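The block underneath contains the structure these notes are about, expressed in structure tokens.
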Amino acid sequence: AQSVTQLGSHVSVSEGALVLLRCNYSSSVPPYLFWYVQYPNQGLQLLLKYTSAATLVKGINGFEAEFKKSETSFHLTKPSAHMSDAAEYFCAVTGAGGTSYGKLTFGQGTILTVHP
Amino acid sequence: SAVISQKPSRDICQRGTSLTIQCQVDSQVTMMFWYRQQPGQSLTLIATANQGSEATYESGFVIDKFPISRPNLTFSTLTVSNMSPEDSSIYLCSVAIGVSYNEQFFGPGTRLTVL
């Protein structure tokens with residue numbers, strides 16, 4: 001079984017400020033973890049993923065995330081927010097084995113607002 | 001990578017009718033899935049579309065309501081049957097490829113509104 005909890009359904013930052021979106025997971029098998037972004041009325045775009053290689057993962061648009069097994073976390077960060085980062089962000093987990101192969105369980109999403 | 005297209009991109013339907021959504025992938029893939037995103041909600045897995053056999057449904061989803069076909073390794077359809085306004089959602093097709101299926105790609109989605 002697997003689950004994802006995103007802390008904070010809405011996060012608001014000023015342009016240029018640090019972005020931190022929190023994600024905690026639960027998985028009965030070694031996890032693969034993903035962050036997706038969804039802009040209004042658009043599909044899902046993969047930001048980055050963790051697949052058991054380096055624990056610090058760099059993605060597109062300056063985002064990165066760190067896998068911390070001891071904390072069961074995979075928080076998404078960006079040093080300096082841009083107006084174009086305003087979107088909804090989803091954390092997702094799938095199991096690297098077992099019956100959950102390839103099946104994604106998503107968190108509830110975090111809407112990021114960036115103020116000028 | 002995999003490029004996924006879906007038809008239709010959106011539709012408005014009357015309650016009690018059915019709609020079939022098509023998903024086409026540009027390469028042969030083993031693992032194909034259908035997800036639903038209800039308004040203001042996250043994505044929920046409906047089922048795994050298995051080639052040559054019946055789809056595997058997640059808890060809360062049944063074949064009579066969401067029949068799925070998977071005639072080959074590049075194509076699948078999802079039918080939303082006997083629709084009600086509660087079925088208004090975005091329906092997304094996805095594929096998982098690569099080592100341990102760690103590459104996930106999504107189609108653009110089909111936005112369904114049921115009146």
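The model shown is predicted, which means the values in this text are computed figures rather than measured ones. So that the names make sense, note that chain A is the first sequence line, chain B the second, and so on, each numbered from 1. FYI, side chains are in, hydrogens and waters are out, and symmetry mates aren't considered; it's all heavy atoms of this structure.
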Residues 11-50 of chain B vs chain A, non-hydrogen distance cutoff under 4.5 Å, contacting residues -> B/Met31, B/Phe33, B/Tyr35, B/Gln37, B/Gln41, B/Ser42, B/Leu43, B/Leu45, B/Thr48
Problem set entry | Single-linkage hydrophobic cluster A/Tyr36~A/Phe63, side-chain heavy atoms < 4.5 angstrom | no
Given A/Thr105, A/Asn41, A/Ile111, the one with more heavy-atom pairs under 4.5 angstrom with chain B than any other is A/Asn41
request  = Please test A/Lys49 against B/Glu103 for side chain to side chain contact (heavy atoms under 4.5 Å, CB included), starting from the C-alpha separation and ending with a verdict.
outcome  = CA-CA 9 Å; A/Lys49 63 179 181 180; B/Glu103 301 276 348; 2.5 Å; yes
Taking a cut-off of under 4.5 angstrom between non-hydrogen atoms, the residues of residues 56-69 of chain B near chain A are B/Glu58
Are A/Leu21 and A/Met83 in one and the same hydrophobic cluster, where Ile, Leu, Val, Met, Phe, Trp and Tyr link if side-chain heavy atoms are under 4.5 Å apart? yes
The reported gap from CD in B/Gln104 to OH in A/Tyr32 (rounded to nearest 0.5 angstrom) is 10.5 Å
Practice prompt. Would you kindly confirm whether B/Phe106 and A/Phe34 end up in one hydrophobic cluster when ILVMFWY residues are joined by side chain heavy atoms under 4.5 Å apart?
Written response: yes
Subject >> Common cluster, A/Tyr89/A/Phe106, ILVMFWY with side-chain heavy-atom separation under 4.5 Å >> reply: no
Output for pair (A/Gln38 CD, B/Leu92 CG), nearest 0.5 Å, gives 7.5 Å
Heaviest contributor of heavy-atom pairs below 4.5 Å to chain B, chosen from A/Gly107, A/Ala92, A/Gly109, is A/Gly107
When every non-hydrogen atom of A/Gly102 is compared with those of B/Ala96, the smallest separation belongs to CA-CB, 4.0 Å
### Message
Are A/Leu44 and B/Phe105 packed together at the side-chain level, in the sense that at least one heavy-atom pair is separated by less than 4.5 angstrom?
### Response
no
Under 4.5 Å to a heavy atom of chain B? For A/Gln6 that would be neither
Q. Out of curiosity, does B/Val3 fall in the hydrophobic cluster containing A/Ile60 (side-chain heavy atoms, cut-off under 4.5 Å, transitive links)?
A. no
